[in-house]
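These numbers come from the heavy atoms of this one structure, side chains and all, not from hydrogens, waters or symmetry mates.
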Amino acid sequence: MKKPQFDKKRPLSWSALSNFDNPDYPEYSDPERWYRQYVLGERGPATPELLFGGKVDKRIQEDPTFLPDLERFKVMQHTMNPVYNKIPLIGYADHYDPGLRLADDKTGRKVWDQARANKTGQLTMYLAMIYLMTGIKPEKIDCYIRWIPTVLKADMTVDFAMPVHFETFKTKRT
């Protein structure tokens, strides 16, 4: 395996970092698979969970009547692309009120709770990118993880757990 080279064509993302060695999802942490996906750019088949999450994300952006109690912030799909030590970074925050609030929506069967929201590196990386781009310190921004529970159905498709609801966890970084 040759040394990973992150450049403008393939910037370093949270998913690349988190999938490199993730004990929660060892099936995605195989070094050869990681290399093929994040260095060579080869994409394998998407899981039902990823497909469902992508559809939910798109619908949240496009349809204000979908999950109407889920607040949409001023900027949706906020693109962040700073460079740190000559390494291009990339990130897309689901919701951002510049300098005030940042939120990421999560679907999934694995339970999100306050401890998991406090621990996730995704928000930490997003805040670092915002700091690199704007100079706004992480402690100035309130962060939220909003989890929408899902279930795996008998036909191996994913759907919302009933009744459809979401749980919000406020967290901070410094």
Side-chain angles (χ1 to χ4, degrees), residues 3-26 28-29 31 34 37-39 41 49-50 52-54 56-62 64 66-150 165-174:
K3 179 180 175 186
Q5 184 67 39
F6 294 99
D7 54 29
K8 288 183 181 184
K9 183 178 174 187
R10 280 191 205 87
L12 182 61
S13 66
W14 170 248
S15 63
L17 287 173
S18 66
N19 283 323
F20 184 75
D21 185 22
N22 188 336
D24 291 335
Y25 299 100
Y28 298 115
S29 298
W34 184 90
Q37 181 170 352
Y38 294 104
V39 177
E49 289 85 359
L50 285 175
F52 184 78
V56 170
D57 181 55
K58 185 174 181 176
R59 191 151 174 216
I60 288 170
Q61 293 174 56
E62 296 176 354
F66 177 68
L67 298 172
D69 294 332
L70 187 80
E71 182 183 6
R72 277 78 166 162
F73 292 5
K74 184 176 181 179
V75 179
M76 295 180 61
Q77 292 302 306
H78 176 61
T79 302
M80 298 162 285
N81 53 2
V83 175
Y84 180 72
N85 282 347
K86 299 182 182 176
I87 301 171
L89 308 174
I90 190 77
Y92 303 94
D94 289 339
H95 305 267
Y96 183 53
D97 277 338
L100 302 172
R101 302 182 298 166
L102 176 75
D104 203 64
D105 301 327
K106 302 289 187 189
T107 57
R109 292 178 285 148
K110 184 170 175 162
V111 174
W112 279 87
D113 57 18
Q114 190 64 55
R116 188 173 178 204
N118 290 343
K119 184 178 151 186
T120 182
Q122 184 173 17
L123 295 176
T124 306
M125 184 169 176
Y126 286 177
L127 289 170
M129 288 191 281
I130 289 169
Y131 177 74
L132 290 169
M133 293 174 64
T134 67
I136 297 171
K137 294 181 178 180
E139 54 268 22
K140 300 286 185 191
I141 300 174
D142 291 326
C143 297
Y144 303 87
I145 291 290
R146 297 168 331 170
W147 173 53
I148 310 163
T150 62
H165 66 286
F166 63 91
E167 297 180 36
T168 300
F169 304 98
K170 184 177 179 180
T171 184
K172 293 289 280 186
R173 301 292 189 275
T174 58

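Between the CE atom of Met129 and the OG1 atom of Thr79 there is a distance of 10.0 Å, given to the nearest 0.5 Å. From Ile148, atom CD1 reaches atom CG of Asp57 across 9.5 Å, with rounding to the nearest 0.5 Å. To the nearest 0.5 Å, atom CD1 of residue Ile141 and atom CG of residue Leu100 are 8.0 Å apart. Interatomic distance, Trp112 CH2 to Gln114 CD, rounded to the nearest 0.5 Å: 11.0 Å. Going from atom OH of Tyr131 over to atom CD1 of Ile136 covers 11.0 Å, rounded to the nearest 0.5 Å. Here CH2 of Trp147 is found 11.0 Å from NZ of Lys110. Values are rounded to the nearest 0.5 Å.
Heavy-atom neighbours of Tyr84 OH from other residues, nucleotides or ligands within 6.0 Å: at or below the threshold of 12.
Scanning for side chain to side chain contact (heavy atoms under 4.5 Å, CB included) contacts around Lys58 gives Glu62, with sequence neighbours left out. By the side-chain hydrogen bond (donor to acceptor under 3.5 Å, both in side chains) test, Thr124 pairs with Arg173, sequence neighbours left out. Here Phe52 pairs with Phe160 under the ring-ring contact (aromatic ring centres under 6.0 Å, His included) rule; sequence neighbours left out. In this view, Asp142 and Lys172 satisfy the side-chain hydrogen bond (donor to acceptor under 3.5 Å, both in side chains) rule, not counting sequence neighbours. With sequence neighbours left out, the side-chain hydrogen bond (donor to acceptor under 3.5 Å, both in side chains) criterion links Arg109 to Glu49.
Within the 3.5 Å criterion, the main-chain N or O of Leu70 finds a donor-acceptor partner in the side chain of Arg72. Formation of a donor-acceptor pair under 3.5 Å by the Asp113 side chain with backbone atoms of Ala115 is found in this model.
When every heavy atom of Gly91 is checked against every heavy atom of Tyr126, the shortest pair comes out as CA-CE2, 4.0 Å. Contact record, Ala93 with Met80: N-CE, 3.7 Å, taken as the closest heavy-atom pair. Smallest separation of non-hydrogen atoms from Thr107 and Gly53: OG1-CA, 3.4 Å.
Here the side chains of Met133 and Asn81 are in contact, with some heavy-atom distance below 4.5 Å. Side-chain contact between Gln122 and Lys106 is present, with heavy atoms from C-beta onward closer than 4.5 Å. Ile60 places a side-chain heavy atom less than 4.5 Å from the side chain of Met76. Leu102 places none of its side-chain heavy atoms less than 4.5 Å from the side chain of Phe73. By the 4.5 Å heavy-atom criterion applied to side chains, Met125 and Leu89 are counted as neighbours. Between Lys137 and Thr174 the shortest side-chain heavy-atom distance does not fall below 4.5 Å.
Applying the side chain to side chain donor-acceptor pair (under 3.5 Å) test to pairs two or more places apart or on separate chains, those with a residue in residues 87-100 are Gln77-Asp94, His95-Asp105, His95-Arg146, Asp97-Arg101.
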